[in-house]
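Here is the structure we will look at, set down as structure tokens.
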Protein chains: 4
Amino acid sequence: MTPVNTSTADVADQERRAPGRPRSARADEAIIEAVLDLIAGGTTIEALSIESVAAKAGVGKATIYRRWANKEQLIVDAVASLKGPVPQVAGESVRADLITLVSAMRNSQHGRAGQVMPCLIPEIRRNPQVYERYQLAMAPRRQVLREVLERGVRTGELRVDLDIDIAVLMLSGPMLVQTIMNWDPNLATDGLAERLVDWVLAGIGA
Amino acid sequence: MTPVNTSTADVADQERRAPGRPRSARADEAIIEAVLDLIAGGTTIEALSIESVAAKAGVGKATIYRRWANKEQLIVDAVASLKGPVPQVAGESVRADLITLVSAMRNSQHGRAGQVMPCLIPEIRRNPQVYERYQLAMAPRRQVLREVLERGVRTGELRVDLDIDIAVLMLSGPMLVQTIMNWDPNLATDGLAERLVDWVLAGIGA
Amino acid sequence: MTPVNTSTADVADQERRAPGRPRSARADEAIIEAVLDLIAGGTTIEALSIESVAAKAGVGKATIYRRWANKEQLIVDAVASLKGPVPQVAGESVRADLITLVSAMRNSQHGRAGQVMPCLIPEIRRNPQVYERYQLAMAPRRQVLREVLERGVRTGELRVDLDIDIAVLMLSGPMLVQTIMNWDPNLATDGLAERLVDWVLAGIGA
Amino acid sequence: MTPVNTSTADVADQERRAPGRPRSARADEAIIEAVLDLIAGGTTIEALSIESVAAKAGVGKATIYRRWANKEQLIVDAVASLKGPVPQVAGESVRADLITLVSAMRNSQHGRAGQVMPCLIPEIRRNPQVYERYQLAMAPRRQVLREVLERGVRTGELRVDLDIDIAVLMLSGPMLVQTIMNWDPNLATDGLAERLVDWVLAGIGA
DNA sequence: CGTTAATCGAGACGGTACGTCCTGTCTTCGG
DNA sequence: CCGAAGACAGGACGTACCGTCTCGATTAACG
């Protein structure tokens, strides 16, 4: 109905520009920045009101609603905008690379991103659009992890019959539940990456 | 100030009953049922309004606020009410017991509980009270897992230098992220417990 | 749909009171007072916002909308509340009584009522409900005028074939257009009542 | 600041035309027509939005604001555009001429003009500019009435001590309040002009 | 005949108010 | 004292307009 989020970028492949005054890129930035500042400043995600975002960004409410249909869409976009760069690995030993990646996973949960992501979990479950967007943002990170594992199989550092999917899950899952939900309060996250990787490599059998 | 959650059950050890009309147990049940029905029926946790709960339960708003201080407390209690029994293990092989427990973890995420729990994650992070309550509910389940692992170390089925905390995290984390967030959409959860347990036992090193 | 303006006074003839907390009489007064104060304070009738009324009255917006469906209804009620008492006549000479009544018509257009009434004319024309209410408020005043004229006919001070309706219109119309619209800017309203009554009594024919 | 209402017509006496593209006369007409259509179509004057006018006229909002500073100015111009011709009198008897003029007053309140004029009363009271403009539009009509009355005094048809100002008010006021506000719902406006003129000529005294 | 400049339509901009909904508290009555 | 019912002050929602602005395109007269 309302042409929400039909930014000029989306029609960049067409020659013709939309009629009327084009949307302000400054407004886009100001709104996203306001969302992130407010959340980082301690505002709960459900206490985050569009009105406060508009006020903080120095923007009319309509300017927000012209771009995003609701709060969730806005927050998802805001979060997507602060995903740091995909972590790079040294490529020497598989163990070192895995530790790098698992540590990066922990670190990405600090700062602004870490405040916001857990709040999106209910939305991820319920809204397929949000879920898809989340998977899209995660894909390159997961791919790096897969490549390290595949390299390990090739170089003989890892078992030849390794199921990559399960291995990715085994390396990501524990660190995520620990950082996101503080799963085991007695477990420090500081040296956790090394311990996890070593145990995963060795297994726990006798 | 307001005697929130001072239900008759909490003062059952006292001889003296409170004066006046006792609280209706039917109201308690109706309210909890209304919350669970609404959430299972697709209502977002932040879209869940006390007014709709009161209407669905056929109860006045004050009757709810007399028992719970706010929405979160109510939801936590509602969720706590549907925790199934702590899973029992056969006690024969460690591997079989672990599979039983990890599968139980998956199954508990189906039905109404599975709909509700992920919605609490933001609350768990923010509200220490909710977090404590959640840990309390999880403790017996985790304890069963620990005991199985400890038994495995004693019987020699598991390595003697096993770090129980890490092992618990490695067994719980992957299953949780997969069931709660649908972490890897290409990964079926059906035989996942066996595969996870086997990989954890064996490790992925060459 | 919403039970607007179903105040307790309207069901006073019924024995049974409405369930729930009764509406606050203090809120009623505060709202009406706020409207009148704002208008008297120079606020245009179309610039008068429900939000400003609520703020001035120290009342939630919902408390206003619970009683009045829209701004016009509210203003009409506010105006109706400040209609002064129906003017009393001495009853000696018809001329003196007519002057009293026509002067009262002028005076009622001063102060707060005079600021508001003209603003309602568009509404009076368009909204039958508002029109009816206006006629109701005017009826007793018009009745007094009719009675003076009828008495004049009986006592022989006025012509026996006098058309009362036309006479009322002739006495009211000129004063109203002059006070409401400032019809003739060169015409003072000070001694106007006497001049009008005398000319009406005498006619302008040779 | 903004050159509002500096239409080409206003500078017609200057030799030099303004540089750039001249204003579109079609836009002027379309805007005025849109205003009148909307008001005649039942839109309240305060519900009349510039946006709806622009949409109906197929014109940009700026094209309206370039010509009129605000809504009131626009409406006043729109109303002024539909004033009919000043009524002409036969010049035979004063009574017949007065009836003609008073009837004309009634007729001018039918059609679009009659729908619009009452809506301006609040504006007339508040805005001196609007009031002046209104008086200007009324002046020629009032002048015709004055001339008939003065002629009546000269020819002896009216009393020599007639106060023309009061007489004009007495002839205009009743008809206006009756047609504009439907002052007395039991009074038909059909033969009203004759009855009013006759009563005014005769007076109501014994 | 190309420049210049004000116009056009369209529509985004920062705001304000709308009327609705919900929050957590309160105030009434009857059980 | 508890129950339902519902009013209370407050505040966010998403919509509609306000009056201003910025676009690319159009349209004359001037040079």
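Since this is a predicted model, take the numbers as computed values, not measurements. Reminder, nothing fancy here: chain letters follow the sequence lines and each chain counts from 1.
Closest to the A:Arg66 side chain, of the nucleotides E:dC13, F:dT26, F:dA7, is E:dC13. The side chain of A:Ser49 has F:dA12 as its nearest neighbour among E:dC13, F:dC23, F:dA12. Residue B:Tyr65 has its side chain nearest to E:dT25 when only F:dC18, E:dT25, E:dG14 are considered. With distances taken from any side-chain atom of B:Val59 to the nucleotides E:dC18, F:dA4, F:dT20, the minimum falls on F:dA4.
Nucleotide E:dC26 holds its C1' atom 13 Å from the CZ atom of C:Arg26, rounded to whole Å. Distance C:Lys61 NZ to F:dG11 C1': 9 Å, rounded to the nearest Å. In this structure, B:Glu51 places its CD atom 10 Å from P of E:dG24, rounding to the nearest Å. B:Arg67 has its CZ atom 16 Å from the P atom of F:dC1, to the nearest Å. Rounding to whole angstrom units, CZ of residue D:Arg21 and P of E:dC8 are separated by 6 Å. Between the NZ atom of B:Lys71 and the P atom of E:dG24 there is a distance of 7 Å, rounded to whole Å. Look at CG on B:Asp28: it is 12 Å from P on F:dC2, rounded to the nearest Å. Computed from coordinates, the B:Leu48 CG to E:dT23 C1' distance equals 13 Å when rounded to whole Å.
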key: side-chain contact (heavy atoms from CB on, under 4.5 Å) evaluation trace for A:Glu46 with B:Lys71   = CA-CA 12 Å; A:Glu46 82 161 302; B:Lys71 203 160 70 175; 4.1 Å; yes

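Counting non-hydrogen atoms under 4.0 angstrom, C:Ala54 reaches nothing in the nucleic acid.
Under a 3.5 Å cut-off, the side chain of C:Ser24 and the backbone N or O of C:Arg26 do form a donor-acceptor pair.
For the side chain to side chain contact (heavy atoms under 4.5 Å, CB included) test with A:Val53, the passing option among A:Thr43, A:Ile31, A:Asp37, A:Ile32 is A:Ile31; the others fail.
The phosphate of F:dA7 has neither OP1 nor OP2 within less than 4.0 Å of any side-chain N or O from C:Ser24.
Ion pairing between a basic and an acidic side chain is recognised when a charged N comes within 4.0 Å of a carboxylate O; B:Lys56 and B:Glu51 show no such pairing.
Here the side chains of D:Thr44 and D:Leu48 are not in contact, with every heavy-atom distance at 4.5 Å or above.
Map B:Ser52 and D:Ala27 each onto its nearest nucleotide of DNA chain E; the residue landing nearer the 5' end is D:Ala27. Looking at which nucleotide of DNA chain E each of B:Ile50 and C:Ile50 is closest to, the 5′-most match is held by C:Ile50.
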